[in-house]
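Every chain is numbered from 1, with letters handed out A, B, ... down the list of sequences. Just the heavy atoms: all of them, side chains too, but no hydrogens, waters or symmetry mates, feed the values below.
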2 protein chains.
Amino acid sequence: MPYEKELAALSDPTRQAIIQRLRLGPQNVARLAEGFPISRPAISQHLKVLSDAGLLSVTPNGTRRIYALSPDRMRDLRDWMNSLWDDARGAFSRAAHDLAKEGTPNDRSD
Amino acid sequence: MPYEKELAALSDPTRQAIIQRLRLGPQNVARLAEGFPISRPAISQHLKVLSDAGLLSVTPNGTRRIYALSPDRMRDLRDWMNSLWDDARGAFSRAAHDLAKEGTPNDRSD
DNA sequence: TCTTACCGTAAGTAAAGCCTTACGAAAGAG
DNA sequence: CTCTTTCGTAAGGCTTTACTTACGGTAAGA
């Protein structure tokens, strides 16, 4: 299970919205929380999940904490998605080929 | 929130393992369940989640149901990851540039 | 120093998720 | 028709998750 934590972090709609926000640029917590219908501590908890997954980086600046997207981990995820897609294509056309020949691909009995 | 359901589907370790299994080729439910420590109905429920997310396709064959990866939706996800990564890179270097100039990117005071 | 702004964490609660067993429907063999 | 295989779904229990309010700690300004 290669990217369990990262995908779990991205699976929440609020965290996805946070990611979308940070696509425009780094932001501190208070400003980030302004656009959401939930409390600021809830945003902090989501930011912790995203940070623990390596998707965000933090830069303290005075009392503020600036959060930004971490391109490195994001690139790893993208590469994994790429390989997944390649295998999906391969398995798909192979299955289509097999089905055209005999009808059932995995017709083995142990 | 563009790919909420797809990412939620991929976030579970069991479902990730199912995906890994199907990278080798399509399989029916009973054979798929053989390699897991959980019951067959649990596998069926996971397969439903993955199918509802559009990541799998089903092909009935007698009493069996052959599950396979759906390359289309997988490609969409990959493309979204690509754009996400590009924006992350852009925001990152822009932030680095701003920090080099003044120190704080979002320095507005309400 | 005193006050204000910013933020993380703890405690508690309501909701969602994952697993199990039990059951019923559909397809094929005899 | 009867029996078996394959599979999806319903019901219930248990764990995890996401939210709230309350609180403490740190940095900057007067």
Open item on the list: Nearest 0.5 angstrom please: A/Arg65 CZ to A/Ser44 OG, how far?
Closed with: 8.5 Å
Protein-nucleic acid N or O pairs under 3.5 Å, nucleotides 8-13 of chain C:
unit_1: C/dG8; atom_1: OP1; unit_2: A/Arg65; atom_2: NH1; d: 3.3
unit_1: C/dG8; atom_1: OP1; unit_2: A/Tyr67; atom_2: OH; d: 2.5
unit_1: C/dG8; atom_1: OP2; unit_2: A/Ser44; atom_2: OG; d: 2.3
unit_1: C/dG8; atom_1: N7; unit_2: A/Arg40; atom_2: NH1; d: 3.2
unit_1: C/dG8; atom_1: O6; unit_2: A/Arg40; atom_2: NH2; d: 3.1

TODO: Report the distance from atom CD of B/Glu34 to atom P of D/dC7, rounded to the nearest whole Å.
DONE: 10 Å
Task: Pairs touching residues 11-20 of chain A that satisfy salt bridge (Lys or Arg N to Asp or Glu O under 4.0 Å), sequence neighbours left out - done: none
Task: Whole-Å gap separating P (C/dC6) and CD1 (A/Ile43) - done: 16 Å
- [ ] Could you tell me the separation between the CG atom of A/Asp12 and the P atom of D/dT16, rounded to a whole number of Å?
- [x] 18 Å
Between the protein and nucleotides 25-29 of chain D, which nitrogen or oxygen pairs are less than 3.5 angstrom apart?
none

Open item on the list: With a 4.0 Å cutoff (strictly under), does any side-chain N or O of B/Arg15 reach OP1 or OP2 of C/dC18?
Closed with: yes
Task: Candidate nucleotides D/dA18, D/dT6, C/dC19, ranked by approach to the side chain of B/Thr14 - the nearest - done: C/dC19
Open item on the list: If hydrophobic clusters are built from ILVMFWY residues whose side chains come within less than 4.5 Å, do B/Leu69 and A/Trp80 share one?
Closed with: yes
Task: Contact summary for A/Ser70 and A/Leu56, nearest pair of heavy atoms - done: OG-C, 3.3 Å
Task: CD1 on B/Ile18 to CD on B/Gln16, rounded to 0.5 Å - done: 11.0 Å
Task: For atom CD1 of B/Ile38 and atom C1' of C/dT20, their distance in whole Å - done: 11 Å
- [ ] May I ask you to evaluate whether B/Asn28 reaches the phosphate of D/dC7, defined as a side-chain N or O under 4.0 Å from OP1 or OP2?
- [x] yes
Open item on the list: Once you apply a heavy-atom cut-off of 4.0 Å, does B/Ala30 come out as touching a base, just sugar-phosphate, or nothing?
Closed with: sugar-phosphate
Open item on the list: Whole angstroms only, please: what is the CD1-C1' distance between A/Ile18 and D/dA18?
Closed with: 12 Å
Task: Shortest non-hydrogen separation from A/Ala17 to A/Phe36 and the atoms involved - done: CB-CE2, 3.5 Å
- [ ] Working to the nearest 0.5 Å, report the span between CZ of B/Arg40 and CD of B/Gln45.
- [x] 10.0 Å
- [ ] Please check the phosphate of C/dC19 (OP1 and OP2 only) for any side-chain N or O of B/His46 closer than 4.0 Å.
- [x] yes
TODO: Please check if A/Leu47 and A/Ile38 belong to a single hydrophobic cluster, counting links between Ile, Leu, Val, Met, Phe, Trp and Tyr side chain heavy atoms closer than 4.5 Å.
DONE: yes
Open item on the list: Expressed as a whole number of angstroms, how long is the span from A/Ile66:CD1 to C/dA5:C1'?
Closed with: 14 Å
Open item on the list: From CD of B/Gln27 over to P of D/dT6, roughly how many Å is that when rounded to an integer?
Closed with: 14 Å
- [ ] Starting from C1' on D/dT5, measure out to CZ on B/Arg31 and report it in whole angstrom.
- [x] 14 Å
- [ ] Using only side-chain N and O atoms of B/Ser39, determine if any of them is under 4.0 Å from OP1 or OP2 of C/dC19.
- [x] no
- [ ] Indicate the atoms forming the closest heavy-atom contact of A/Arg31 with A/Arg21, along with that distance.
- [x] O-NH1, 4.0 Å
